[in-house]
Amino acid sequence: MTLSVQHLWLIPALPLAAAAVGAVLPRSGRVPAASAAIAAMGAAFVLSCLALNGALADPARHAVHNFAWFDLGHGAVMLGWLLDPLTAFMCVMVTFVGLLIFVFSLGYMRDDPHFARFFCFLSLFAAAMLGLLVANSLLLLFICWELVGLASYLLIGFWFHRPAAAAAAKKAFLTTRLGDLGFLLGLLWLYDSAGSLLFYDAGRGVLESGVLAGLTAQTVAGGLALSTAIGLLLFCGAVGKSGQFPLHVWLPDAMEGPTPVSALIHAATMVAAGVFLVARLYPLMAADQALAAVPVHALTVVALIGAVTALLGAVIAVAQDDIKRVLAFSTVSQLGYMMLALGVGAWTAAIFHLLTHAFFKALLFLGAGSVIHAAHHEQDIRRLGGLRTRLPATYRTFVIGMMALAGVPFLFSGFWSKEAILHAAHGWTVSPLPLWAGLAAVALTAFYMTRLVAETFFGSPRSPAAAHAEESPAVMRIPLVLLAGCAILLGFLGTPAWPWLQARLAGAPLHGSLEHLFEGGGLMLLSIALVGAGIGLGWRFYGRRPRASAAAADPLAAASPTLMAALAARLGCDEFYAATVGRLHALAAAVADGLDRWVLGAAVSGVGLLGQFGGVVSRENDEGALNGGFDAAGAGLRGAGRSYARAQTGRVHGYLRALAVAFVVLGLVLLAGGVP
Amino acid sequence: MNLLPWTIYVSFAGALLALAAGARSAAAARGVALATALAGWALALAAAADFAPGPGLQPLVDVPWIRGFGIRYHLAADGISLTLVMLTGLAATAGVLFSWNITDRPGAFFAYYLALIGGVYGVFLSADVFLFFVFYEIAIVPKYFLIARWGSTRREYGAMKLALYSFAGSALVLVGLLWLYAATGAAGFGLSELARAAAALPREPQLAMFGLVFLGFAVLAGLFPFHTWAPTGHVAAPTAASMLLAGVVMKLGAYGCLRVAMVVFPDALAWWQPILAWLALVGIVYAGLVALVQDDLKFVIGYSSVSHMGFVLLGLAAANLQSVAGAVLQMFSHGVIAGLLFAVVGRMVYERTHTRRLDDLRARPLHRLLPFAAVVFVAAGVASMGLPGFSGFPAELTILIGTWQVSRTWALVAAVGVLVAGAFTLRAIQVSFFGRSAADAGPDAGSHPLDPITWPERAGALLLLAATLLVGLKPDLLLDWIIPSLQSPLFQAILKGGAS
Amino acid sequence: MSPLHLCLLLSTGLFCIGLAGALSRSNAILVLLGIELMLNAANLNFIAFWRYGPAPSAGAGVVFVIFTIAVAAAEAAVGLALVIALHRHRRNLRLPEATRLKG
């Protein structure tokens, strides 16, 4: 059984219908809202599996179904659905992870008064995300892209009464919108030069060779190929959405949302949309590779941004004390990995990592959610500890997730996807930087994840909340177990010996054999050694002698206080933005009293301070100069009236005399001029 | 189609009836008003049902009026008029619903209100420029009285400023048109006659006349730097009048720019194009920035209207098929969305809390006290930011597509304007409705529940929301009228002028 | 000196007397009288120009004068009503003191 491309719209439409149901239900409609959301997600998962089944029958085929949205005179603006293995794999992942997170939320959000609304927003998000995946038109993709941003805004700010959550929501929305500005301009440019926004359209689509040849043939300012310029503009959108340097600042703050939201949106799916975008547009991004005489290739920029982000995120994660923030920076770092993979040309490896990462990072976030739920919303790892015995199921699954993320060899999925990326980076001839950054991030990832596990689960409880933690209910444990299973098994879909996933994604024939398993063995040994070193060091610092109390100093901070302080402060990125592009961080903290300034700050776009200045000047100008003119005219009229009124003395003789004088003057004039 | 002129007559008749009914009771007056507005809208819908989209104005009525000057009572419609007539019917109906609580001389209020509506219908249907002008003035006068009599904050000031700006703009238009009439000895004031006469003129006078007429109309469309009447006028006006002012009256100006200035002087547009486009762009960004620092919620929305009307003017200035079609679509979209925003702020919030200051609103758990208003305001804000799903998105997208073909810099600046719109809209939403939770608000705030939202308010809000969603999801409902109209010979000269 | 000139001299004299009276007297009735004199001077001019003018048979001058007399009668009625009202309010008719209509 398969799902044909004409009916692909059902996959996003089901959660959308669930969102609509949730929107009209009263607040007391908890059960119907949640069951509608979960049922819709389950049905979407089934449909996605059917779609995948159909897509795998002919992996090289891009099945499309296009239709006109509206007519613009010179041709219709088209939208459409696209079914290929990339779409299908992503849909299955999103619906499956989404379904588990929905179920988990039943437990996590049980006591929240806005339970129904939460499921409504989650369904809205899922609908937009799935719409993004099935789009065959850059415009439809952009539409859904904006809608996932909106849903993300609503969900980060779900607890809007907390100023930090409200500020984080706005920061996330505006920062990603800054990236979307580039996306929009790229879209306009592409539409103008290609005349279409469809990806595949029987030879006329923008990802098909005919159009691409036209795009690479033209050059724009600076000698860039047109396709490079458009690709880089579109990449801006991906940078914003996927938390890449330098727009990564919103992602850690987004952890103010409920933890299932962090797991679904800010770890597994939405933030990966940027990676998906670049993978989807890969033919366009790579179109300039054949040109030699251009100053820069689009993919080179992607690779370098990804490398910087991978390293930066991993370094900062070492010094974070909030369990969710460690994971958030780890997400930033892993997304950097994926971008790096895309940049060096291994887009199938990037999607492989995207899929494995989605499962184990959702697992880690849900595990963190379970810890937070059990410990009465205590998120500071310095105040946790000793949870290994109190939360055995959470502990076991969390460790599996940690091993997958750290890349513990052979058994865990993260190892295989990460190896594929490192292997590709090794083969990249332009620059060795991505490889070095990737290897450094491997060691750092192993280190900070060991630290996280050791601080949270080992030692003794360091706060009353941790001491009285109780294991979460089954509705939260079961998703953890299922995700843990996936975190292990998924890796075997893409080992070098049997790269089934990569072959299916690329639509290429599968050449599997056991002798490829240890291909590039030297690099693999090196990365295994780095993982071992990271875990070993982490255990040495944090596991062997667990901290005694919450106030005890961090062993690394004791060794190098300045460095750790700088890392804990996220290398001052936020301060940098605060000082340069709009005082984002400081102003967001000042919600209570700085409402003018902090909105301007969030406008980010480099107009920050200038914008405030401009706003004030404009208002003064309005009230002073422009109003002034009209006010002055009015005052003049009034003054003239007053002075004429003075002539009205009320004395009849005065009037008569004036008449007489006027008569005499008239007579004189007539006499002087001669009577006609 | 022949039903369309009746929208005018019904509205004026309704105005007289409302005046008479107001002497009996407020309920009678608003009943008459609602019936009239609905009748006008129904007529527009019925006319739309048998409208055949095609190039050119389709004549409705054409009889001589003032023979000495060749002035005719000439009504005609094309897809653009129909779109705006539809908007007027919708906004008028919603406006009556949001004026349900008027108790101060309701008869006079609704009489002025309906007279304004009648004038607006007349403007959108006139094919004779002199007649156009007459209806235009008819629309301006009741507006003054609505604001000065039923308004709030600094109402005389706002009303007088609005009236002065409007009349100054009209004067410019009149001078330009009379100059043209005198200089060419045109046979009449028909659009095509004037256009033919203008084409025979030398270039310099054409440029000057176009400037007079376009800028005169653009004053009412809120073109920077002639926009300052708009925020003060909006703030001072009673809710229904704000809705009409932002929703419909500002469109009169933009419509005049398109229908009269650009059609009559197509050759002058090329010279004026960069100036007008940059004024529009400055307006988009500038008004957005000003909106960021306002303390009064209604001022925020007033300035946002200026910013969004900047998109309309940019679309007109870019002058190609896409951009002008987008501009017309944006007129509709902004009319609906601004009406919705003003309805929430002016009617739902202000008349219950008696404050619009953001600092005061933030102190109340408004999302808890007025959940329906909160949902509507969020939806309207999202629509106003130009997010997909609502009508603002296809409108601004088509304007940008068209603008991009003329100048990439313009498109870039306009896109920055979209970003600024996101910033000030989010601020307005968060601070006004979601300033604090019910739990941590003071004990006094929670203990004074506000009056619940009444059914006319719900109906009006849902009506407008449905309209913006419908057009957002299926923009070809309107574009299928607009685009063929733009392909008529009248517009060909302009649209050619815009292509780079 | 032709009869026309004599008539004009007479009317000029009448006018000047009326003007002087209207300007110099403070009693409202006397001022009204002066104004009536000036009106009649104008009437005399009309008649004179009609009688010695180019078309003595047309009758335009007489019509003018009849109109003027009618207007003057109405004016006298209104003026006297004002005078009575003034007297009732102020118990005198001194115009320099009646300045309540000042702007």
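Numbered from 1 within each chain, the chains take letters A, B, ... in sequence-line order.
When each of B:Val375, B:Leu412, B:Ile482, B:Leu486 is scored by its heavy-atom pairs under 4.5 Å with chain A, the top score falls to B:Leu412. Per-residue heavy-atom pair counts under 4.5 Å with chain A were compared for B:Asp476, B:Val382, B:Leu426, and the maximum is reached by B:Leu426.
With a 4.5 Å cut-off on side-chain heavy atoms, A:Phe70 and B:Ile483 do not count as touching. No side-chain heavy atom of B:Leu321 sits less than 4.5 Å from a side-chain heavy atom of A:Leu72. Inter-residue side-chain proximity for B:Pro388 and A:Phe142 is flagged as unmet; no heavy-atom pair is nearer than 4.5 Å. Contact check for A:Val77 versus B:Leu397: no side-chain heavy atoms found under the 4.5 Å cut-off.
Of all non-hydrogen atoms in A:Leu188 and B:Ala411, the two that sit nearest each other are CD1-CB, 4.4 Å. Residues B:Gly422 and A:Arg177 share a closest heavy-atom pair of CA-NH1, 4.2 Å. For the pair A:Ala166 and B:Gln430, the tightest heavy-atom approach, listed with the atom from each and the gap, is O-NE2, 3.3 Å.
Looking at B:Ile401, the atoms closer than 4.5 Å to chain A (heavy atoms on both sides) sit in the backbone and in the side chain alike. Contact of A:Leu184 with chain B is made through the side chain alone, with heavy-atom distances under 4.5 Å.
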Item to complete: Check the pair A:Phe173 / B:Met385 against side-chain contact (heavy atoms from CB on, under 4.5 Å), numbers first and verdict last.
Response: CA-CA 12 Å; A:Phe173 189 79; B:Met385 278 188 272; 3.8 Å; yes
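For A:Pro258, the side-chain contact (heavy atoms from CB on, under 4.5 Å) criterion is met by A:Met109, A:Phe118, A:Phe158, A:Trp159, A:Pro260, A:Val261, not counting sequence neighbours. Qualifying side-chain contact (heavy atoms from CB on, under 4.5 Å) partners for B:Arg408, counting only residues two or more places apart in sequence or in other chains: A:Trp189, B:Trp404.
Taking CZ from B:Arg427 and CG from A:Leu174, the interatomic distance works out to 12.5 Å, rounded to the nearest 0.5 Å. Taken to the nearest 0.5 Å, the OH atom of A:Tyr153 stands 6.0 Å off from the CD1 atom of B:Ile429.
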